[in-house]
Amino acid sequence: MLLKEIRENLKNKVSEKRYNHILGVEETAVKLAKRYGVKEEDARIAALLHDYAKQFSVYEMEKICIENFYEETKDYIDQGEILHGYVGAYIAEKEFNITDKNILDAIKYHTTGKRGLSILGKIIYIADSIEPGRDYPTVKIIREAVEEDINKGIIIESSEKIKYLVDIGAKVHLYTVDMRNWLLEKK
């Protein structure tokens with residue numbers, strides 16, 4: 001019932017292209033959930049809601065983040081790309097009554113990652129980058145690495161993300177660097 005409600009609401013919140021991306025993330029997340037022993041329904045919920053707020057106005061996202069996540073978002077408040085995960089987690093809790101911390105964190109940190117992220121959080125983080133609609137030079141390498149070891153795939157993906165952001169002169173979120181270093185420490 002909840003999944004049906006989320007899907008119906010999503011269609012009114014995002015473009016058709018974004019909706020198709022979300023379905024690709026869901027497909028990938030379910031596959032990874034089965035591979036890594038995570039409840040399929042949790043993976044579906046987090047995947048469907050990960051980009052729920054992606055097309056909200058920057059003003060809407062800033063307002064919600066200032067009121068609810070100020071300490072975590074204050075240094076990135078001007079970056080809608082990062083804020084939509086926080087807003088998605090807020091909506092998941094307030095509108096869909098989701099209280100599971102792993103699901104909420106998976107939505108919240110799907111763009112930045114975070115040290116200590118649960119396996120569900122890792123699944124949503126990487127599924128967003130490797131869903132079938134994604135096509136970039138290292139995606140095949142990352143997909144293969146994730147099949148072998150999700151941490152290995154995330155290390156490759158986050159390293160590529162950090163390099164790309166540095167190359168274009170964009171701000172790199174500290175959570176991404178910290179998550180990558182945490183996973184490297186675990187190797």
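Small disclaimer: the values here were computed from a predicted structure and weren't measured.
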Nearest non-hydrogen partners of [X] and [Y], listed with the distance:
X	Y	result
T111	K161	O-NZ, 2.7 Å
A127	A29	CB-N, 4.0 Å
G153	V146	CA-CG2, 3.7 Å
F56	K13	CE1-CD, 4.3 Å
T176	S158	CG2-CB, 4.1 Å
L49	I6	CD2-CG2, 3.7 Å

Problem set entry | Sole candidate of E72, H84, K101 that passes side-chain contact (heavy atoms from CB on, under 4.5 Å) when paired with K108 | E72
Problem set entry | L23, V25, I107 screened by side-chain contact (heavy atoms from CB on, under 4.5 Å) with L48, the one that passes |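 Result: among L23, V25, I107, L23 is the only option passing the side-chain contact (heavy atoms from CB on, under 4.5 Å) with L48.
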Exercise. Hydrophobic cluster mates of V177, side-chain heavy atoms under 4.5 angstrom, ILVMFWY only, any path?
Worked result: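 Listed partners: I162, Y164, L165, V166, I168, V172.
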Problem set entry | Verdict with reasoning, H50 to H110, per side chain to side chain contact (heavy atoms under 4.5 Å, CB included) | CA-CA 7 Å; H50 87 281; H110 80 271; 3.4 Å; yes
[X] side chain to [Y] side chain, donor-acceptor N/O pair below 3.5 angstrom:
X	Y	value
R134	S129	no
N151	K122	yes
Y90	E95	no
Y136	E160	no

Taking [X] for its side chain and [Y] for its backbone only, find out whether a donor-acceptor pair lies under 3.5 Å.
X	Y	result
Y36	I150	yes
D178	L174	no
D128	I124	no
R35	E148	yes
R180	S159	no
S57	E60	yes
Q55	S15	yes
D51	K54	no

Would you give the length of the straight line joining atom [atom1] of [X] to atom [atom2] of [Y], rounded to the nearest 0.5 angstrom?
X	Y	atom1	atom2	value
E40	I45	CD	CD1	11.0 Å
Y70	D75	OH	CG	8.0 Å
L10	R18	CG	CZ	11.0 Å
R143	I126	CZ	CD1	10.5 Å
E8	K4	CD	NZ	5.0 Å

Exercise. Is the NZ atom of K171 crowded by more than 12 outside heavy atoms at less than 6.0 Å?
Worked result: yes
For this session: Report, as yes or no, whether the 6.0 Å neighbourhood of atom CD on E16 holds more than 12 heavy atoms from other residues, nucleotides or ligands.
Result: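 At most 12 heavy atoms, drawn from other residues, nucleotides or ligands, come within 6.0 Å of this atom.
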Exercise. Taking it one step at a time, do L83 and E62 satisfy side chain to side chain contact (heavy atoms under 4.5 Å, CB included)?
Worked result: CA-CA 7 Å; L83 301 182; E62 287 175 352; 4.0 Å; yes
Exercise. If you measure from the Lys or Arg side-chain nitrogens to the Asp or Glu carboxylate oxygens, is any gap between E147 and K31 under 4.0 Å?
Worked result: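 So E147 pairs with K31 through a salt bridge.
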For this session: May I ask you to decide whether K74 forms a salt bridge with E71, counting only side-chain N to carboxylate O separations under 4.0 Å?
Result: yes
Exercise. T73 and I82: side chain to side chain contact (heavy atoms under 4.5 Å, CB included), yes or no, with the steps?
Worked result: CA-CA 9 Å; T73 61; I82 290 171; 5.9 Å; no
Exercise. With hydrophobic residues grouped by side-chain heavy-atom distances under 4.5 Å, do F69 and Y109 end up in a single group?
Worked result: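 As far as the 4.5 Å side-chain criterion goes, Y109 and F69 are connected within one cluster.
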Exercise. Is V30 reachable from I22 through a run of I, L, V, M, F, W or Y residues, each pair having side-chain heavy atoms under 4.5 Å apart?
Worked result: no
Problem set entry | Steps toward side chain to side chain contact (heavy atoms under 4.5 Å, CB included) verdict (N68, Y86) | CA-CA 9 Å; N68 298 279; Y86 288 85; over 6 Å; no
Exercise. Going through the checks in order, is the salt bridge (charged side-chain N to carboxylate O under 4.0 Å, His left out) test met by E185 and R115?
Worked result: CA-CA 11 Å; E185 291 164 9; R115 177 180 287 264; 3.3 Å; yes
Problem set entry | E26 and R7: CA distance, side-chain angles, deciding distance, salt bridge (charged side-chain N to carboxylate O under 4.0 Å, His left out) verdict | CA-CA 11 Å; E26 179 188 18; R7 282 192 183 91; 2.4 Å; yes
Exercise. Are Y76 and H173 near enough that their ring centres are under 6.0 Å apart?
Worked result: yes
